[in-house]
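Only one structure is covered here, and it is reproduced in the block below.
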Amino acid sequence: MRNKIFRPKILNRERINSLLSQMFDVSIFFISASMGYGKTTAVKNFLEKRTEIEMIWFDTSNEENDDSWMWYKFCESIKITNLNLGERLSAYGFPKNKLDLYKVIDTIREEIDQKTVMVVDDWYDIRTIHINYLIKALGLAEIPDFHIVILSRNKPTDNYLDLEMKQKCIVASQDDIAFTFEETVEFFEINKFKLTDKEKIELYEYTDGWVSATYV
């Protein structure tokens with residue numbers, strides 16, 4: 001007889017949903033946390049429940065990270081949600097100067113006709129300088145109903161902190177999305193694990209809010 005695989009129930013954290021809802025208050029919402037803190041899952045679950053929102057998922061994790069390749073991936077990601085916009089950007093080509101950059105921004109402004117969130121997953125801006133310029137320029141442009149969420153294992157550069165000072169960006173840290181003691185206890189309760197007060201403290205001290213470790 002095969003042992004059943006235990007699949008834990010996912011803890012719905014209203015605190016995290018409240019945090020993520022702030023992405024609609026700014027152009028760029030930056031989440032900086034190490035792998036295993038559930039940033040990708042949290043954002044995906046949050047946006048999938050918002051059926052009125054178009055979601056563009058731009059996954060940048062790849063060994064080939066030159067700007068031309070990233071531009072291709074950027075356009076292809078957009079085509080899945082907004083075919084006309086993706087094709088227009090693809091036909092225009094990679095922006096090589098400020099004039100090109102402004103034209104790309106104007107094209108996006110023209111094509112966005114409902115609330116749209118572009119998620120840039122696993123971002124590391126040092127590898128792709130020109131795409132990084134584009135993302136920051138889009139943030140400064142403040143296109144109505146267009147918001148960018150950046151998920152990164154690295155801390156934001158000073159440029160994003162400057163945008164935060166200008167109230168165009170919100171930066172969430174690892175501490176913001178880590179499990180609290182209460183959430184750790186609740187997770188075990190909804191999965192029918194009875195813990196003593198001592199075990200609750202020991203578990204939280206062991207996992208230190210690390211989401212993956214808590215689920216394991």
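On a predicted model such as this, the values are computed, not experimentally measured, just so you know.
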Evaluation steps, side chain to side chain contact (heavy atoms under 4.5 Å, CB included), between M70 and T60: CA-CA 7 Å; M70 292 297 282; T60 65; 3.4 Å; yes

Trace of the side chain to side chain contact (heavy atoms under 4.5 Å, CB included) decision for L85 with T107: CA-CA 7 Å; L85 174 58; T107 300; 3.9 Å; yes

CA sep, side-chain torsions, deciding dist, call: N191, E189, side-chain hydrogen bond (donor to acceptor under 3.5 Å, both in side chains): CA-CA 5 Å; N191 283 289; E189 286 178 348; over 6 Å; no

Residues K79, S90; criterion side chain to side chain contact (heavy atoms under 4.5 Å, CB included); working and verdict: CA-CA 9 Å; K79 286 179 185 179; S90 182; 4.1 Å; yes

Criterion side chain to side chain contact (heavy atoms under 4.5 Å, CB included) on V171 and C169, from CA distance to verdict: CA-CA 7 Å; V171 176; C169 176; 4.0 Å; yes

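Using a cut-off of 4.0 Å between Lys/Arg side-chain N and Asp/Glu carboxylate O, E186 and R13 are scored as not salt-bridged. With respect to the salt-bridge test (charged N to carboxylate O, under 4.0 angstrom), the residues R50 and E48 do not qualify. Ion pair E199/K194 not flagged as a salt bridge, since none of the NZ, NE, NH1 or NH2 atoms sits closer than 4.0 Å to an Asp/Glu carboxylate oxygen.
Clustering ILVMFWY residues whenever any of their side-chain heavy atoms sit less than 4.5 angstrom apart, transitively, puts V185 in a cluster other than the one holding F179. In the hydrophobic clustering of ILVMFWY residues, with side-chain heavy atoms under 4.5 Å counting as a link, L47 and I170 come out together. Hydrophobic clustering (side-chain heavy atoms under 4.5 Å, transitive across Ile, Leu, Val, Met, Phe, Trp, Tyr) keeps F181 apart from I177. Linking ILVMFWY residues whenever their side-chain heavy atoms come closer than 4.5 Å, directly or via other members, places L140 and I105 in the same cluster. No single ILVMFWY cluster, assembled from side-chain heavy atoms under 4.5 Å apart, contains both L195 and I201.
Here the side chains of W123 and V149 are not in contact, with every heavy-atom distance at 4.5 Å or above. Residues I108 and V104 form a side-chain contact, since some pair of their non-hydrogen atoms from C-beta on lies under 4.5 Å apart. The closest side-chain heavy-atom distance from R88 to E111 is below 4.5 Å. Contact of the L138 side chain with the S27 side chain is not registered, since no non-hydrogen atoms from C-beta on lie closer than 4.5 Å. Between F187 and E183 the shortest side-chain heavy-atom distance does not fall below 4.5 Å. For the pair M165 and L161, the minimum side-chain heavy-atom distance is 4.5 Å or more. Residues W57 and M118 are not in side-chain contact: their nearest non-hydrogen atoms beyond the backbone lie 4.5 Å or more apart. Inter-residue side-chain proximity for L89 and W71 is flagged as met; some heavy-atom pair is nearer than 4.5 Å.
Rounded to the nearest 0.5 angstrom, D113 CG and D145 CG are separated by 9.0 Å. Rounded to the nearest 0.5 Å, atoms CZ (F30) and NZ (K39) are 10.0 Å apart. From E142, atom CD reaches atom NZ of K166 across 10.5 Å, with rounding to the nearest 0.5 Å. Atom CG of L203 is separated from atom CZ of F193 by 10.0 Å, given to the nearest 0.5 angstrom. Note that NZ of K200 and CD of E182 are 10.5 Å apart. Values are rounded to the nearest 0.5 Å. From S77, atom OG reaches atom CG of N82 across 12.5 Å, with rounding to the nearest 0.5 Å.
Taking every heavy atom of both residues into account, I53 and Q114 meet most closely at C-NE2, 4.3 Å. The shortest non-hydrogen separation linking K73 to D59 is NZ-O, 2.8 Å. Of all heavy-atom pairs between I150 and I135, the closest is CD1-CG2, 3.8 Å. Taking all atoms of both residues into account, the shortest heavy-atom contact from I16 to A42 is CG2-CB, 4.1 Å.
In this structure, H147 has its ring center at least 6.0 angstrom away from the ring center of F29.
N97 CG: more than 12 foreign heavy atoms inside a 6.0 Å radius. In Y92, the OH atom is crowded: over 12 heavy atoms of neighbouring residues, nucleotides or ligands sit closer than 6.0 Å. The environment of CZ in R109 is crowded: more than 12 heavy-atom neighbours from other residues, nucleotides or ligands sit within 6.0 Å.
Residue L19 forms a side chain to side chain contact (heavy atoms under 4.5 Å, CB included) with just one option from Q22, R15, M23, and that option is Q22.
Using modelled atom types and a 3.5 Å distance limit, the side chains of Y160 and N132 yield a donor-acceptor pair. Judged purely by distance below 3.5 Å, without hydrogens or angles, the side chains of N17 and N45 never pair a donor atom with an acceptor atom. There is no side-chain donor-acceptor pair under 3.5 Å between Q174 and S32.
The closest donor-acceptor contact from the side chain of D100 to the backbone of K96 lies under 3.5 Å. Here the side chain of T81 pairs a donor or acceptor atom with the backbone of M55 at under 3.5 angstrom. Distance alone, capped at 3.5 Å, places no donor-acceptor pair between the K168 side chain and the K136 backbone.
Both the sub-6.0 Å distance and the 45° axial angle are satisfied by K115 relative to the ring of F24.
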